Amino acid sequence: MPELPEVESIAQRLCEGTETIPLPGRKIKHVSLYWPRHIVQPSVSTFRRRMKDRVIRDVRRRGKFLVFPLDEGNLLIHLRMSGDLTICPAKKPRGSYEHTIFHLDEPWQLRFSDARKFGLIYYLKDPGRVLNRLGPEPLDPAFTAHLLAERLKKHQRMLKPLLLDQRFLAGLGNIYTDEALHYAGLHPRIRSDSLSQDQVEKLWHGIQTTLREGLRQNGASIDWVYRGGSFQNQFRVYQRTGEPCPICSTPIERIIVGQRGTHICPHCQPEITK
DNA sequence: CACGAGACCTGTTCGC
DNA sequence: TGCGAACAGGTCTCGT
């Protein structure tokens, strides 16, 4: 589920606490771990001890990570494929996917639900140890088309797997990559170092446009995992196999690129560039 | 360095 | 209806 727009929407929801309580200012009394393998660092017992009585200062996002600066250290959560975070009353029965529960100082809890159990939780003094490996934020003003061009030239890789590589750019996932490439009229297998200036500009605009539109719609809701977003109604190619391309009406095709299901318009995104 | 295969998990949907 | 295969928002490790 969660790519940049979905993670950002979740961060905002937790920060504002509409209909629940804002997370900043709350104290974590203790945690319940029903799937301890979620805890990457430190050890489970240390994590438990360190979380006790920490005060949550803020809720932020970096790439696809949720970052919670605490009065002491930082909590990092990566939702991976099926994670979601909600604030709910302590008395609400625990759902079968709610594997990690943070008990707060009010009759509320922060619950990490994760059907596929791929999620990751860190408690770190220095979050940079994890976050510094990430590439630039695509919506940061510092991320210009010029910078994108420079970075693309440093590799000779297929466009799509490169865009999905979080060290190259932080926040894109399968949905927004397919959408951005269609917007730019670029085939996902084109080599990153073979783009013209014009093509780089289109790709940059495609990334900006799809992410901003995703944010405006609070992300995309798919399947049973995450709801709340409506960007799925705007998909041009993602999961639209067989439907007409909104630009030229050619049926959308599904192919595999870098072991990921990939959706393209074979007419708007020719494999051979001119 | 680039890339494919396989792994980590569970749930839903597809095809016969 | 039943049952296995395919597929799912992500990323890591290993071998070529």
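Predicted, not measured: the structure shown is a model, and the values here were computed from it.
- Residue A:R191 is classed as a sugar-phosphate contact, given heavy-atom separations below 4.0 Å to backbone atoms only.
- To the nearest angstrom, P of C:dC7 lies 13 Å from CG of A:N174.
- The only option from A:R48, A:H103, A:R111 that meets the side chain to side chain donor-acceptor pair (under 3.5 Å) definition with A:S32 turns out to be A:H103.
- Note: A:F231 and A:Y176 meet the aromatic proximity criterion, with ring centroids under 6.0 Å apart.
- Taking 4.0 angstrom as the limit, A:R80 places none of its side-chain polar atoms (N or O) nearer than this to OP1 or OP2 of C:dC12.
- In this structure, A:Y176 atom OH and C:dG9 atom P are separated by 13 Å, rounded to whole Å.
- For A:Y97, taking side-chain heavy atoms from C-beta onward, the closest of the listed nucleotides B:dG11, C:dT11, C:dC12 is B:dG11.
- Both the sub-6.0 Å distance and the 45° axial angle are satisfied by A:R151 relative to the ring of A:F168.
- Here A:R116 does not reach the OP1 or OP2 of C:dG10: none of its side-chain N or O atoms lies under 4.0 Å away.
- Listed pair A:H155 / B:dC1 fails the phosphate criterion, with no side-chain N or O lying under 4.0 Å from OP1 or OP2.
- Here the options are A:R60, A:R61, A:R62, A:R13, the test is salt bridge (Lys or Arg N to Asp or Glu O under 4.0 Å), and the partner is A:E8; only A:R61 passes.
- Between A:K117 and B:dC8, a side-chain N or O to OP1/OP2 separation shorter than 4.0 Å is absent.
- Ring geometry, A:F47 versus A:F102: the interplanar angle exceeds 60°, so the pair is classed perpendicular (tilted spans 30 to 60°).
- Note on A:R167: nothing from the nucleic acid sits closer than 4.0 angstrom, heavy atoms only.
- In DNA chain B, the stems built from three or more successive Watson-Crick or G-U pairs (distances below 3.5 Å) are B:2-8 with C:10-16, B:10-16 with C:2-8.
- For the pair A:K154 and B:dC1, the criterion of a side-chain N or O lying under 4.0 Å from OP1 or OP2 is not met.
- A donor-acceptor pair is defined here as one N or O able to donate and one able to accept, closer than 3.5 Å; no such pair exists between the side chain of A:T177 and the backbone of A:K160.
- Looking at the side chain of A:F118, the nearest of the listed nucleotides C:dG10, C:dG9, B:dA2 is C:dG10.
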Checklist entry - Would A:H38 and A:F112 count as a ring-ring contact (aromatic ring centres under 6.0 Å, His included) if you check the C-alpha gap in whole Å, the side-chain angles of each, and the deciding distance to 0.1 Å? => result CA-CA 10 Å; A:H38 267 150; A:F112 179 27; 4.7 Å; yes

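- A heavy atom closer than 4.0 Å to some atom of DNA chain B occurs in no member of residues 146-153 of chain A.
- Residue contacts for A:S221: at a heavy-atom cut-off of 4.0 Å it reaches a base atom on one of the strands shown.
- Within the structure, every side-chain polar atom (N or O) of A:Q259 is placed at least 4.0 Å from both OP1 and OP2 of B:dC3.
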